[in-house]
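Following: one structure in structure tokens, then a few remarks.
Chain A is the first sequence line, chain B the second, and so forth, proteins listed ahead of strands; every chain is numbered from 1.
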Number of protein chains: 2
Amino acid sequence: MTGSKRITIHDIARKAGVSPSTVSRVLNSTTPVAEAKRQAVTTAIQQLDYRPNLIAQGLARGTSTIIGVLTQDIGSPFYGELLRGIEYGFRGSRYHPIFADGNWQQAEEYNALNILRSRQPEALIILGGLMPDAEMLAAAQEFPLIIIGRSVPSLEEYCVLVDNFQGAYRATQYLIEMGHQRIAHITGIRSHQDTLDRQAGYEQALRDANLPINPDLIVEGTFQEQSGLLAVETLLMRANPFTALFAANDQMAYGARLALYRRGIRVPEDVSLIGFDDLPSSAYTTPPLTTVRQPTFEMGMSAAKATLNLIDQRPWPLPQLTPDLVIRESTGFARR
Amino acid sequence: MTGSKRITIHDIARKAGVSPSTVSRVLNSTTPVAEAKRQAVTTAIQQLDYRPNLIAQGLARGTSTIIGVLTQDIGSPFYGELLRGIEYGFRGSRYHPIFADGNWQQAEEYNALNILRSRQPEALIILGGLMPDAEMLAAAQEFPLIIIGRSVPSLEEYCVLVDNFQGAYRATQYLIEMGHQRIAHITGIRSHQDTLDRQAGYEQALRDANLPINPDLIVEGTFQEQSGLLAVETLLMRANPFTALFAANDQMAYGARLALYRRGIRVPEDVSLIGFDDLPSSAYTTPPLTTVRQPTFEMGMSAAKATLNLIDQRPWPLPQLTPDLVIRESTGFARR
DNA sequence: CTGAAAGCGCTTACAG
DNA sequence: CTGAAAGCGCTTACAG
């Protein structure tokens with residue numbers, strides 16, 4: 001179970017008949033080294049299967065090559081693609097992301113941030129979260145910082161996000177174009193900015209079409225499946241008919257779809273259903289879900305790339321990401 | 001963007017009028033320290049908002065407090081719960097998991113392993129993967145090692161997994177009990193042990209019920225949704241009727257369900273459908289999916305706990321995890 | 001090109 | 001109880 005003595009730069013120096021400094025130099029090719037010695041060192045490294053101790057290197061160089069990533073719910077389908085994108089973005093670089101989860105609770109976020117801090121990250125990526133803007137500004141003082149899925153005033157140029165208002169507007173508008181007039185909305189958690197922006201987009205689209213905003217058609221969810229299911233039950237109990245339903249994320253749309261199914265309400269024949277996110281599985285629900293696509297993988301990847309650029313003090317172009325409406329089969333014309 | 005000079009143990013020593021050694025001692029409470037000095041140190045720490053540099057500590061103590069986790073597809077829904085469990089299992093400990101992804105490719109797995117190695121992890125958790133058993137044994141020499149979702153000969157006591165054979169057997173048996181005689185199977189990727197075990201369970205259940213094993217009813221998938229969809233198309237083209245379908249994982253079951261839907265084949269009235277994994281969203285498909293549940297969160301959590309125990313040289317009881325059949329609404333009696 | 005020395009920020013025997 | 005010193009495994013001026 002326990003390995004043999006970890007082998008160090010000194011071991012290979014001895015074996016190669018040079019000084020540790022020289023070994024370090026061939027390792028990092030920072031300074032020319034005589035060919036013979038270089039050879040000796042190289043073969044010694046191979047023979048002893050030596051691998052530099054990154055943490056010692058980190059201490060000596062003052063660089064940890066670690067990027068702290070503050071997540072909110074590692075494990076949720078939405079974060080899955082984001083993480084994959086981040087992981088992909090750092091591949092081949094010498095940097096390695098480490099994750100700490102805030103669990104959508106402020107106290108845990110602070111805690112996670114401190115955990116990350118103690119690992120001396122060279123930059124931070126923060127995904128959403130409930131931390132006050134002031135804290136974000138403070139963090140930006142301390143580290144190169146990229147923020148995903150949230151817009152922080154005066155830090156806009158470090159934020160990677162799609163326009164939630166715009167996405168929701170587009171979704172609602174599409175429903176209206178399809179002839180729907182009574183469009184219900186399941187919101188996310190009130191404290192999230194996404195929730196507010198998406199609801200605002202929904203309402204604006206209604207307004208622009210001269211349709212009334214009916215509070216009875218709006219119900220709050222939690223971004224999770226079960227809440228979508230419950231929301232539909234609530235909506236149905238209110239006996240306020242609707243022919244279309246816009247859920248603030250796909251997971252709630254799944255729950256809503258199930259509630260509808262249980263009541264024998266057909267999608268899209270009786271009710272059109274539209275989500276937000278375009279999770280990978282949304283293309284495989286029955287019927288496949290019409291939804292507002294967030295390019296999550298790309299968001300993660302560009303955040304990673306931007307982080308690398310920030311560290312190297314290069315410009316960090318962030319892509320112009322627009323939420324696309326992906327029209328599948330859960331939406332149709334309103335019944336006449 | 002760049003922080004001010006990082007403050008160290010010396011800064012607080014100076015401020016508190018003690019030696020760095022003493023600061024270290026109050027930090028770690030390894031040795032009694034006079035109350036007055038302890039106070040001075042504590043307040044200095046607060047005032048300067050000092051946080052120890054974990055990487056320096058690591059070097060000095062020879063402990064990184066890092067656990068390397070080798071994943072295969074961070075971001076897939078199956079791994080989501082596992083990661084969440086792992087994360088949860090390490091909460092409150094001083095250890096922190098870091099992830100590197102093998103992407104289900106041997107070369108990348110080796111690479112990921114080396115990346116982890118360079119971070120000097122104190123233990124390793126390896127999720128599945130294609131690495132030869134011999135490599136796993138070697139890794140176990142080098143680190144305390146826990147393996148999830150795979151059984152490695154002579155390392156059984158370090159493996160956390162559910163019995164795939166048994167789970168598949170149970171699923172198939174249930175279908176048979178419901179009167180199904182022509183049961184199709186969508187397998188996973190051939191090179192995965194899970195695939196083999198699940199198929200074996202399926203076949204054994206058939207055999208035990210004196211039902212024929214019909215190669216025309218078995219089609220290979222990739223564990224992804226699209227392959228489930230394709231598999232059903234293939235099955236349908238073969239014109240070999242079946243009344244039930246067992247997919248080697250939920251994602252393929254989703255794809256299969258969609259293919260069926262497109263053909264107007266009802267679930268469960270015309271075909272019973274059963275998956276494997278019990279992903280969180282499987283409770284919300286239409287109809288909710290009958291499936292073999294893997295307690296992935298618990299698996300992740302117990303792997304983490306076991307790892308901590310291994311590190312501390314304590315016994316590391318691994319739970320007895322059995323795959324439960326979760327009967328929902330995608331299965332029913334065979335048509336007569 | 002190359003070695004000896006100092007230093008990265010801590011910890012931990014060692015000697016009071 | 002406590003300070004000075006050595007050491008963790010590297011890197012990097014500094015002086016040849």
Expressed in angstrom and rounded to an integer, what is the separation of [X] atom [atom1] from [N] atom [atom2]?
| X | N | atom1 | atom2 | result |
| --- | --- | --- | --- | --- |
| Gln39(A) | dC1(C) | CD | C1' | 16 Å |
| Gln120(B) | dC10(C) | CD | C1' | 16 Å |
| Glu35(A) | dC1(C) | CD | P | 11 Å |
| Arg51(A) | dG9(D) | CZ | C1' | 16 Å |
| Arg119(A) | dG9(C) | CZ | C1' | 15 Å |
| Arg14(B) | dC10(C) | CZ | P | 12 Å |
| Arg38(A) | dC1(C) | CZ | P | 10 Å |
| Ile9(B) | dC8(D) | CD1 | C1' | 14 Å |

Student check: side-chain heavy atoms of [X] and [Y] closer than 4.5 Å:
| X | Y | result |
| --- | --- | --- |
| Leu124(B) | Ile146(B) | no |
| Arg51(A) | Arg117(B) | yes |
| Leu113(B) | Met131(B) | yes |

Of all the nucleotides listed ([options]), which has the minimum atom distance to the side chain of [X]?
| X | options | answer |
| --- | --- | --- |
| Ala34(A) | dT11(C), dC1(C), dC10(C) | dC1(C) |
| Val33(A) | dC1(D), dT2(C), dT11(D) | dT2(C) |
| Thr30(A) | dC1(D), dT12(D), dT11(D) | dT12(D) |

Can you name the residues that form a side chain to side chain contact (heavy atoms under 4.5 Å, CB included) with [X], not counting sequence neighbours?
| X | value |
| --- | --- |
| Gln57(A) | Asn28(A), Pro52(A), Leu54(A), Arg61(A) |
| Gln294(A) | Phe78(A), Val162(A), Arg198(A), Phe276(A), Asp277(A), Thr296(A), Met299(A) |
| Ala123(A) | Ile67(A), Pro144(A), Thr307(A), Ile311(A) |

Output, in order, the C-alpha distance, side-chain angles, deciding distance and verdict of salt bridge (Lys or Arg N to Asp or Glu O under 4.0 Å) for Glu87(B) and Arg84(B).
CA-CA 5 Å; Glu87(B) 204 268 339; Arg84(B) 193 182 253 153; over 6 Å; no
Give the minimum heavy-atom separation between Pro153(B) and Ser151(B), together with the two atoms involved.
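Shortest heavy-atom contact: CD-O, 3.8 Å.
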Of all the heavy-atom pairs spanning Pro121(A) and Ser64(A), show the shortest one and how long it is.
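Heavy atoms of Pro121(A) and Ser64(A) come nearest at CA-OG, 3.8 Å.
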Over 60° means perpendicular and under 30° means parallel, so tell me whether His192(B) and Phe223(B) are parallel, tilted or perpendicular.
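If you compare the ring of His192(B) with that of Phe223(B), the planes turn out tilted.
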Check the orientation of Tyr158(B) and Trp316(B). Use parallel for under 30°, tilted for 30 to 60°, and perpendicular for over 60°.
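Tyr158(B) vs Trp316(B) ring planes: parallel.
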Ranges pairing with ranges for DNA chain C, where each run has three or more Watson-Crick or G-U pairs under 3.5 Å:
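Ordered by first number, the stems with DNA chain C (at least 3 consecutive pairs each) read C:1-3 with D:14-16, C:5-12 with D:5-12, C:14-16 with D:1-3.
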The test is side-chain hydrogen bond (donor to acceptor under 3.5 Å, both in side chains); show your working for Arg119(B) and Thr65(A) and say whether it passes.
CA-CA 10 Å; Arg119(B) 301 278 171 190; Thr65(A) 61; 3.0 Å; yes
Can you tabulate the close N/O pairs, meaning under 3.5 Å, that link protein atoms to atoms of nucleotides 3-6 of chain D?
{"from": "dG3(D)", "atom 1": "OP1", "to": "Lys37(B)", "atom 2": "NZ", "distance (Å)": "3.3"}
{"from": "dG3(D)", "atom 1": "OP2", "to": "Ser19(B)", "atom 2": "N", "distance (Å)": "3.1"}
{"from": "dG3(D)", "atom 1": "OP2", "to": "Ser19(B)", "atom 2": "OG", "distance (Å)": "2.8"}
{"from": "dG3(D)", "atom 1": "OP2", "to": "Thr22(B)", "atom 2": "OG1", "distance (Å)": "2.6"}
{"from": "dG3(D)", "atom 1": "N7", "to": "Arg25(B)", "atom 2": "NH2", "distance (Å)": "2.6"}
{"from": "dG3(D)", "atom 1": "O6", "to": "Arg25(B)", "atom 2": "NH1", "distance (Å)": "3.2"}
{"from": "dG3(D)", "atom 1": "O6", "to": "Arg25(B)", "atom 2": "NH2", "distance (Å)": "3.4"}
{"from": "dA4(D)", "atom 1": "N7", "to": "Ser21(B)", "atom 2": "OG", "distance (Å)": "3.4"}
{"from": "dA4(D)", "atom 1": "N6", "to": "Ser21(B)", "atom 2": "OG", "distance (Å)": "2.8"}

Taking dG16(C) as the reference, what is the distance to dT12(C) when you measure between their C1' atoms (whole Å, please)?
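These two C1' atoms come out 16 Å apart once rounded.
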What parts of residues 53-61 of chain A reach DNA chain C, counting only heavy atoms under 4.0 Å away?
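Residues of residues 53-61 of chain A that come under 4.0 Å of DNA chain C are, in numerical order, Leu59(A), Ala60(A).
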Ser24(B) side-chain N/O to dT11(C) phosphate OP1/OP2 under 4.0 Å:
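Answer is yes, contact under 4.0 Å.
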Using a heavy-atom cut-off of under 4.0 Å over every strand shown, decide if Thr8(A) touches base, sugar-phosphate, or nothing.
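Touches sugar-phosphate only.
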